[in-house]
Amino acid sequence: MKYFIIAGEASGDLHASLLISALRNADPKAEFRFLGGDKMASSAGVPPVVHYRDMAYMGFIEVIKHLRQILAIMRRTRRAISEYRPDAVILVDYPSFNLKIAKYAHGMGIPVFYYISPKVWAWKEYRVKEIKQYVSRLYSILPFETEFFKRHGYDISYVGNPTVTEIDAALSEIPQFDVFCRNHSLDPQKHIIALVPGSRRKEIANNLPEMLKAALMFPDYQPVIAGAPSIDSDYYTRVIRSEGSYPIPPVVFNDTFALVRNADAALVTSGTATLETALLGTPQIACYRMNGSRLVYNIYAHILKVKYVTLPNLITDSPLIPELLLHYCNKKTIAELLTHLLSVSPKRDAMLEGYERLRSILGNANGAETTAADIVNRLSSK
């Protein structure tokens with residue numbers, strides 16, 4: 001069977017690549033076209049129709065500025081689906097774009113499956129109506145989502161969280177601290193503070209400077225940046241230089257799990273990376289700034305329908321990790337919290353205990369394999 005898959009950012013590229021591998025196992029004759037990144041290309045054996053680095057715009061202003069390009073990608077995607085005529089379209093998160101494609105594919109009579117459901121429980125709850133109308137089956141990777149959708153009369157499945165599978169597979173291959181330092185030319189005499197500022201240029205520009213300023217307040221530690229696969233190292237230098245004459249930390253590419261695991265603490269931009277960091281067992285602070293932070297904070301405070309924004313806190317329904325959002329995310333506040341995480345303390349111990357509870361809630365099911373098997377079974381029984 002032929003599959004058309006769409007992922008719009010780095011985490012989606014990783015999850016979708018594992019789904020592609022699982023689909024191949026369940027359907028040895030599977031063929032793929034996709035929007036995504038290098039990991040999907042490696043699994044599918046073909047290049048993307050559009051690379052996600054050309055799609056990763058965040059925030060209303062960024063979308064408006066690049067609207068012409070986004071609309072061009074939308075037209076190109078619809079044309080690719082029309083020409084390819086897949087047996088199924090599989091969407092991975094990225095709702096603003098993907099729900100429009102869901103409507104288009106549904107109109108063509110193509111079954112639409114959604115892996116990693118849109119976070120409509122946080123905001124834009126009205127999108128549930130579109131999902132129910134255009135999506136044949138929705139697969140959840142967050143246990144609490146099933147109850148939310150049930151209240152809306154839509155039965156979905158919790159298939160397991162793919163991040164659990166990814167981290168479990170990675171842990172056995174992560175080198176010890178001294179080997180990791182040698183591999184990346186780091187100082188083995190200094191412990192590490194990992195800076196994980198996201199995968200999009202705008203979020204890196206917004207978050208990295210405050211992260212670095214806070215980390216530099218601990219001179220006995222070395223800050224190390226987790227480089228995003230679609231961002232060149234010069235960009236990190238330009239972002240830091242725009243703030244003043246700060247030292248440029250090392251940037252580690254394609255080894256984020258090992259970096260975070262070998263760090264004493266991590267400063268992480270909210271998203272999948274907070275869950276990855278929790279499963280890797282590294283104490284963390286979620287940092288998320290945007291332009292016009294105070295104004296944006298007041299707006300989001302009125303429209304968000306959840307108590308927390310980070311995945312570890314949402315899954316455990318508790319303030320497991322500190323969330324420094326928008327104007328609250330500044331070097332002084334980050335440093336105050338970091339002080340409690342870099343050495344043995346009640347706050348550090350409580351966070352690590354919470355990580356164990358988080359892992360238990362998520363369970364051991366392989367999300368990609370469960371989803372792939374269900375999709376193939378549904379298509380085969382048509």
Side-chain angles (χ1 to χ4, degrees), residues 9-15 56 58 93 116-119 121-123 140-145 161-168 170-171 192-200 203-204 206-208 210-211 214-215 223-228 256-290 300 304 306-326 328-329 333-334 337-338 340-342 347-348 350-362 367:
E9 55 192 355
S11 61
D13 178 42
L14 173 59
H15 297 324
M58 58 179 292
D93 202 358
I116 306 182
S117 60
K119 298 172 181 60
W121 35 264
W123 70 321
S140 168
I141 64 168
L142 299 172
F144 62 84
E145 289 182 327
N161 194 291
T163 304
V164 173
T165 306
E166 293 154 15
I167 296 298
D168 285 352
L171 281 172
I192 293 171
I193 298 174
L195 311 182
V196 190
S199 60
R200 300 182 179 100
E203 64 185 358
I204 292 168
N206 286 338
N207 290 284
L208 179 58
E210 293 302 310
M211 289 178 168
V224 182
I225 300 170
T256 297
F257 289 173
L259 167 60
V260 170
R261 177 70 171 179
N262 280 290
D264 280 22
L267 306 179
V268 186
T269 295
S270 180
T272 305
T274 59
L275 180 57
E276 293 170 344
T277 301
L279 293 172
L280 286 163
T282 301
Q284 64 178 305
I285 300 167
C287 304
Y288 197 78
R289 289 178 65 88
M290 290 177 65
Y300 276 103
L304 286 178
V306 290
K307 290 186 291 184
Y308 311 109
V309 299
T310 58
L311 290 175
N313 292 357
L314 286 163
I315 294 166
T316 60
D317 192 27
S318 67
L320 178 56
I321 65 174
E323 298 179 347
L324 297 183
L325 309 179
L326 305 174
Y328 289 108
C329 182
T333 309
I334 297 170
L337 292 169
L338 199 52
H340 298 285
L341 300 183
L342 290 174
K347 289 185 178 180
R348 180 186 173 96
M351 189 179 295
L352 296 179
E353 289 172 7
Y355 284 175
E356 294 179 10
R357 181 160 48 94
L358 169 70
R359 181 65 177 78
S360 176
I361 292 170
L362 290 173

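Not measured: the values here are computed from a predicted model.
- Between Y288 and N207, the shortest heavy-atom distance links the atoms CA-OD1, 3.1 Å.
- From N161, atom CG reaches atom CZ of R359 across 9.5 Å, with rounding to the nearest 0.5 Å.
- Here the closest non-hydrogen pair linking G281 and L352 is O-CD2, 3.5 Å.
- One distance of note links CG of L279 with OG1 of T163; it measures 7.0 Å at 0.5 Å rounding.
- Under the 4.5 Å side-chain criterion, counting only non-hydrogen atoms from C-beta, E210 is not in contact with L324.
- Take D93 and apply the salt bridge (Lys or Arg N to Asp or Glu O under 4.0 Å) test, not counting sequence neighbours, and it matches K119.
- Proximity of a side-chain donor or acceptor of Y355 to a complementary backbone N or O of T282 within less than 3.5 Å is detected.
- Side chains of L275 and I167 form no contact here, defined as non-hydrogen atoms less than 4.5 Å apart.
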Please lay out, stage by stage, how T272 and H15 fare under the test side chain to side chain contact (heavy atoms under 4.5 Å, CB included). CA-CA 11 Å; T272 305; H15 297 324; 4.0 Å; yes
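- V260 places none of its side-chain heavy atoms less than 4.5 Å from the side chain of E276.
- The two residues T316 and G354 have their closest heavy-atom pair at CG2-O, 4.5 Å.
- Every residue two or more places apart in sequence or in another chain was checked for a salt bridge (Lys or Arg N to Asp or Glu O under 4.0 Å) with E166, and none qualifies.
- To the nearest 0.5 angstrom, L171 atom CG is 9.0 Å from F257 atom CZ.
- Minimum interatomic distance between I334 and C287 (heavy atoms only, all atoms of both residues): CD1-SG, 4.0 Å.
- To the nearest 0.5 Å, atoms CG (L342) and CG (D264) are separated by 6.5 Å.
- The side-chain contact (heavy atoms from CB on, under 4.5 Å) check on P143 picks up Y158, I361, L362, with sequence neighbours excluded.
- Remark: the backbone N or O of V309 is paired with a side-chain donor or acceptor of E323 at under 3.5 angstrom.
- In this structure, the side-chain contact (heavy atoms from CB on, under 4.5 Å) partners of D13, at least two apart in sequence or on a different chain, are K39, M40, Y52.
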E145 vs S117, side chain to side chain donor-acceptor pair (under 3.5 Å): CA-CA, chis, key distance, verdict:
CA-CA 9 Å; E145 289 182 327; S117 60; 2.8 Å; yes
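- Contacts of T333 classified as side chain to side chain donor-acceptor pair (under 3.5 Å), with partners at least two apart in sequence or in another chain: N330.
- Annotation: side chain of P319 is in contact with side chain of Y308 (closest heavy-atom distance under 4.5 Å).
- Distance check: R357 CZ to D317 CG gives 9.0 Å after rounding to the nearest 0.5 Å.
- Considering all non-hydrogen atoms of both residues, A228 and S199 come closest at CB-CA, 3.7 Å.
- Residues P223 and M211 have side chains not in contact (no heavy-atom distance under 4.5 Å, counting atoms from C-beta outward).
- For T274, the side-chain contact (heavy atoms from CB on, under 4.5 Å) criterion is met by V268, Q284, A286, T310, L311, P312, I321, not counting sequence neighbours.
- Between G367 and T165, the shortest heavy-atom distance links the atoms N-OG1, 4.5 Å.
- Residue L314 holds its CG atom at 11.0 Å from CG of L320, rounded to the nearest 0.5 Å.
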